**Q** 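Quick one: structure below, then a few questions.
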Amino acid sequence: MQEGKKRAQNEANAPAAAEAAPAQDENKIIAERRAKLAKLREEGFSYPNDFARDQMAEKLDAAYGELAADELESRQVKATIAGRLMLKRVMGKASFGVVQDHTGRIQIYVSDDQTGKDQHAAYKHWDIGDIIGASGVLFKTRTGELTLRVTALRLLSKSLRPLPEKWHGLTDVEQRYRQRHIDLLMNEHSRWTFAVRSRVVQGLRDFMATTNYLEVETPMLQPIPGGATARPFRTHHNALDMDLYLRIAPELYLKRLVVGGIEKVYEINRNFRNEGISTKHNPEFTMMEVYCAYTNFTYMMSLVEVLIRHAAQSALGTTSVTYQGRTLDFGKPFARISMSEAIRKYAPEYWSNAQLHDRHFLAGKLTEHGVEFDAGAGWGALHLMLFETLVEKNLVEPTFIVDFPAEVSPLSRRYDRNPEVAERFELFIDGKEIANGFSELNDPEDQAARFREQARLKDAGDQEAMYYDDDYVRALEYGLPPTSGAGIGIDRLVMLFTDSPSIRDVIYFPHMRPES
RNA sequence: GGGUCGUUAGCUCAGCUGGUAGAGCAGCGGACUUUUAAUCCGUUGGUCGGGAGUUCGAAUCUCCCACGACCUACCA
């Protein structure tokens with residue numbers, strides 16, 4: 001790090017850097033720009049950092065964009081701006097340019113009689129992509145565009161690599177994901193998408209703060225990866241000489257905090273799952289998990305509903321969004337339906353409640369649909385599989401599915417009236433699971449039994465089954481208050497809010513294989 | 001994992017049934033003092049993703065590999 005820093009500084013200061021060995025992918029355009037940089041260095045250019053701007057493009061437009069030309073002229077508004085040169089139009093003794101900062105764009109007008117011939121001549125040789133600063137007075141062109149009549153301008157940072165074409169921009173999805181910096185420069189929609197993402201997270205945090213939840217951070221490196229059924233990433237701690245896992249969920253740690261008296265707690269952070277990659281799955285993804293003592297899953301369902309509604313409103317200013325051509329309304333109450341009812345609703349024929357609880361019946365129907373399952377799978381696993389096969393894709397509008405089989409919900413409290421079913425819900429939108437929550441299992445002896453069953457499945461070859469977590473059971477033995485909790489998939493929520501078809505569109509740097 | 005499609009200049013794309021690789025933008029040189037994807041004249045730029053094969057001759061046909069997209073199966 002230190003070494004690298006020193007080297008970078010030397011390069012920046014040394015004119016000899018222009019002779020440095022060029023990278024493999026250098027072409028003529030880059031060579032020409034390096035030559036320009038070398039010449040600029042001879043003239044004293046040193047990547048200056050003492051330029052102070054006093055205006056942003058968007059603010060200037062908001063303040064003066066509507067003003068009449070002569071009114072603007074009479075006010076003689078001075079401004080100093082800085083940003084990246086995105087367009088350049090040279091016309092002899094005068095030139096135009098478009099400078100982009102993080103708020104937007106503003107046009108500049110550079111001419112011999114305003115800056116002097118030399119400065120204008122220098123500008124003509126700057127490149128699209130260069131970062132510049134400019135001072136001047138605002139005016140309106142003949143066509144009414146707000147423009148800065150430049151009296152002084154400086155090159156602040158030289159761009160050696162050409163930007164994509166001004167009209168089509170960068171459209172190649174692979175390059176947009178691999179070189180997100182270019183995507184962000186070129187594509188307004190990409191900038192908007194990530195701005196929405198930030199506002200969603202901010203909106204969630206604001207809401208939680210006003211309802212007195214405490215935000216915490218729990219371990220990403222865990223000796224026993226718990227809280228979900230998923231394959232973990234493994235890593236190694238050298239000093240301790242022990243294997244650790246990247247967390248698949250923060251759940252068990254957050255509930256330890258509830259045992260410790262933090263009764264309203266949440267975390268927004270990354271989870272890591274060593275599983276497939278798809279338009280809906282990235283190996284690391286962002287999850288919000290929340291727990292509230294002295295409530296049950298019905299409270300948590302309502303909280304999730306309100307949170308999502310609030311996130312939409314604060315990030316987008318509306319609760320109605322269009323996703324891939326379909327309208328989703330987060331403003332009206334989310335539907336609530338039990339898993340059994342949902343299966344019956346979407347089943348091709350009438351199935352009785354008894355049939356839906358008959359393992360052999362379910363196994364037969366799954367086979368009819370060509371679904372493979374483990375011979376040892378119980379009623380609950382088959383019931384869930386049938387739900388996933390028949391129902392999930394149909395749940396377009398926000399819908400809570402409640403009453404999951406306890407067998408597939410090893411951390412959920414059972415119903416008193418039916419111990420085969422858990423007080424658990426999942427929220428589906430556009431066929432995707434967006435949230436998952438339940439009344440937490442706070443009976444340490446039941447939890448121990450469930451872990452034993454998971455350990456048995458793991459021994460039998462189920463790589464996603466949970467580990468027995470002795471330390472967690474011991475925490476429960478001190479007494480976990482009746483508690484409900486939920487997890488919300490932030491990436492997927494942002495996909496819905498931004499009409500993004502792929503999770504890679506809402507993650508700055510999605511995982512990609514290395515370029516060969 | 002399986003299937004389909006794609007990869008040509010810095011970017012966006014043409015390139016037919018095999019016959020010396022093209023355009024626009026960007027770049028470079030020139031003209032132009034209110035342009036708007038500025039315009040006009042001239043011009044540079046390519047290991048056609050990589051490798052092997054068929055052929056007198058391959059961007060083009062065949063095979064293998066890499067990367068990506070979409071569909072499909074699974075975890076959120």
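Keep in mind the model is a prediction, meaning the values are calculated, not measured. Side chains included, hydrogens not; waters and symmetry mates left out as well; all remaining heavy atoms used.
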**Q** Within the structure shown, what part of the strands sits under 4.0 Å from A:K28 by heavy-atom distance: base, sugar-phosphate, or nothing?
**A**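 Base contact.
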**Q** Could you tell me whether the phosphate oxygens of B:rG68, OP1 or OP2, come under 4.0 Å of any side-chain nitrogen or oxygen in A:R176?
**A**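 False: A:R176 side-chain N/O out of range (4.0 Å or more) of B:rG68 OP1/OP2.
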**Q** Quick check: on RNA chain B, is the nucleotide nearest A:T171 upstream (toward 5') of the one nearest A:L384, or the reverse? Name the residue that is more 5'.
**A**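 It is A:T171, whose closest nucleotide lies nearer the 5' terminus.
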**Q** Sort out the partner of B:rG1 for me: Watson-Crick or G-U wobble, both distances under 3.5 Å, none otherwise.
**A** B:rU72
**Q** At under 4.0 Å between heavy atoms, what does A:L163 touch on the DNA or RNA strands: base, sugar-phosphate, or nothing?
**A** nothing
**Q** Can you tell me if A:F96 is stacked onto the base of B:rA38, using a 5.5 Å centroid cut-off and an angle below 30°?
**A** no
**Q** If you check every side-chain atom of A:A94, which of B:rC67, B:rC70, B:rU33 has the closest atom?
**A**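 For A:A94, the side-chain atoms sit closest to B:rU33.
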**Q** Applying a 4.0 Å non-hydrogen cut-off, can you work out what A:V90 is touching in the nucleic acid: base, sugar-phosphate, or nothing?
**A**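 The answer is base, as A:V90 lies within the cut-off (heavy atoms under 4.0 Å) of a base atom.
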**Q** Just call it for A:E145: base, sugar-phosphate, or nothing, with non-hydrogen atoms closer than 4.0 Å on any strand.
**A**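 It contacts base atoms.
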**Q** Mind checking A:K280 for me? I need base, sugar-phosphate or nothing, with any heavy atom below 4.0 Å counting as a touch.
**A**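 Here A:K280 touches the bases of the nucleic acid.
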**Q** At 4.0 Å (heavy atoms only), tell me whether A:F139 reaches a base, stays on the sugar-phosphate, or touches nothing.
**A**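 Base contact.
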**Q** If you go through the side-chain atoms of A:E165, does one of them form a donor-acceptor pair with the base of B:rG24 closer than 3.5 Å?
**A**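 Donor-acceptor pair under 3.5 Å: yes.
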**Q** Between A:F330 and A:F497, how do the two ring planes meet: parallel, tilted or perpendicular, split at 30° and 60°?
**A**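 Plane angle over 60°, so perpendicular.
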**Q** Which heavy atom of A:I429 sits nearest a heavy atom of A:L427, and at what distance?
**A**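 Where A:I429 meets A:L427 most closely, the heavy atoms are CD1-CD2, 4.0 Å.
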**Q** Kindly determine whether A:T80 and A:S135 satisfy side-chain hydrogen bond (donor to acceptor under 3.5 Å, both in side chains), including the steps that lead there.
**A** CA-CA 4 Å; A:T80 297; A:S135 303; 3.0 Å; yes
**Q** For a quick test of reading the model: is some side-chain N or O of A:R142 closer than 4.0 Å to OP1 or OP2 of B:rU35?
**A** yes
